[in-house]
There are 2 protein chains.
Amino acid sequence: MINIRDKTYILKFGNNLKRLRNLKDLSQEKLAYDADIPINQIGRIERGEINTTISTLNSIAKALKIHPKELLNF
Amino acid sequence: MINIRDKTYILKFGNNLKRLRNLKDLSQEKLAYDADIPINQIGRIERGEINTTISTLNSIAKALKIHPKELLNF
DNA sequence: ATCAAATAACACATATATGTGTTTATTTTT
DNA sequence: AAAAATAAACACATATATGTGTTATTTGAT
């Protein structure tokens, strides 16, 4: 069961992803396509609704052309 | 469904965790206790059996007293 | 104000991470 | 070599991420 600290963390993660995606001027749709992930998944992650996995993190980082650790840089 | 690239990534992640845990001279048991995670979970992650979540990554990083991104530094 | 693009918000099935417990194997210490 | 400590290997239930599809809302441009 996800606790308040986890919720805070995944929310921050989502915000950071949104920030980086906008920096690269990509739509959720384009990012989803490039990362081969459903667009809804991107939205759920950005909104902090889900606690995504490291492999998804890695796929997103590849699509953003950044190192995975950048996504944790907040 | 997890593909070969994901498998490779989660295996590398596990190896890196094991490396960092040994650097800090912690047993799986102690790390599990500090991170408030079942010991079996630590083992499964280190062996690359599971594709863990960012909140678990965060808990482990806290217990190791490192920044979460260090766990992706490989 | 209208239209189009982008994002959010639903629902639902399936795969898998988590959590717990127990047993076996390996590694380290004495 | 024996004992102790550590890690691996099982099984199983539950929670949740993923994947897919559809509809509604919001945002930005004209």
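Lettering of chains follows the sequences in order, A, B, ..., and the numbering in each one begins at 1.
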Enquirer: So which one's nearest nucleotide on DNA chain D is more toward 5', Arg21(B) or Thr56(A)?
Expert: Arg21(B)
Enquirer: Quick one: label Ile37(A) by what it contacts on the DNA or RNA (base, sugar-phosphate, nothing), any heavy atom closer than 4.0 Å.
Expert: nothing
Enquirer: Quickly work out the Lys30(B) NZ to dA5(D) P distance and round it to whole Å.
Expert: 16 Å
Enquirer: Under 4.0 angstrom, heavy atoms only, what part of the nucleic acid is Lys18(B) near: base, sugar-phosphate, or nothing?
Expert: sugar-phosphate
Enquirer: For the backbone of Ile2(B) and the side chain of Asp6(B), can you confirm whether one donor and one acceptor N or O come within less than 3.5 Å of each other?
Expert: no
Enquirer: Between Arg47(B) (CZ) and dT26(C) (C1'), how many Å, whole number?
Expert: 12 Å
Enquirer: Thr52(A) has a side chain; which of dT20(D), dA8(D), dT18(D) sits nearest to it?
Expert: dT18(D)
Enquirer: Reckon Ile42(A) touches a base, only the sugar-phosphate, or nothing at all at heavy-atom distances under 4.0 Å?
Expert: nothing
Enquirer: Ile39(A) has an atom CD1; how far is it from atom P of dA6(C), in whole Å?
Expert: 9 Å
Enquirer: Do Phe13(A) and Asn58(B) make a side-chain contact, defined as non-hydrogen atoms from C-beta onward lying under 4.5 Å apart?
Expert: no
Enquirer: Using atom CD of Gln41(A) as one end and atom C1' of dC12(C) as the other, report the distance to the nearest whole Å.
Expert: 14 Å
Enquirer: Can you measure Arg44(A) atom CZ to dG19(D) atom C1' for me and round it to whole angstrom units?
Expert: 8 Å
Enquirer: Starting at CG of Asn51(B) and ending at P of dG19(D), how long is that distance when rounded to a whole Å?
Expert: 10 Å
Enquirer: If we ignore hydrogens and angles and just use 3.5 Å, is the side chain of Asn16(A) paired with the main-chain N or O of Glu70(A) as donor and acceptor?
Expert: yes
Enquirer: dT16(C) phosphate, OP1 or OP2: any side-chain N/O from Thr53(A) under 4.0 angstrom?
Expert: no
Enquirer: Please report, rounded to the nearest Å, how far the P atom of dT16(D) is from the CD1 atom of Ile50(B).
Expert: 16 Å
Enquirer: If you find the nucleotide of DNA chain C closest to Asp36(B) and the one closest to Gly43(A), which residue's nucleotide is nearer the 5' end?
Expert: Gly43(A)
Enquirer: Can you label the angle between the Phe74(A) ring and the Tyr9(A) ring as parallel, tilted or perpendicular, going by 30° and 60°?
Expert: tilted
Enquirer: In whole angstroms, how far is the C1' atom of dT7(C) from the CG atom of Asn15(A)?
Expert: 15 Å
Enquirer: Taking only N and O in the side chain of Gln28(B), is any of them less than 4.0 Å away from OP1 or OP2 of dA8(D)?
Expert: yes
Enquirer: Side chain of Glu49(B) only, heavy atoms from C-beta on: which candidate in dA6(C), dA17(D), dA9(D) is closest?
Expert: dA9(D)
Enquirer: Could you pull out all residues at least two apart from Arg21(B) that satisfy salt bridge (charged side-chain N to carboxylate O under 4.0 Å, His left out)?
Expert: Glu46(B)
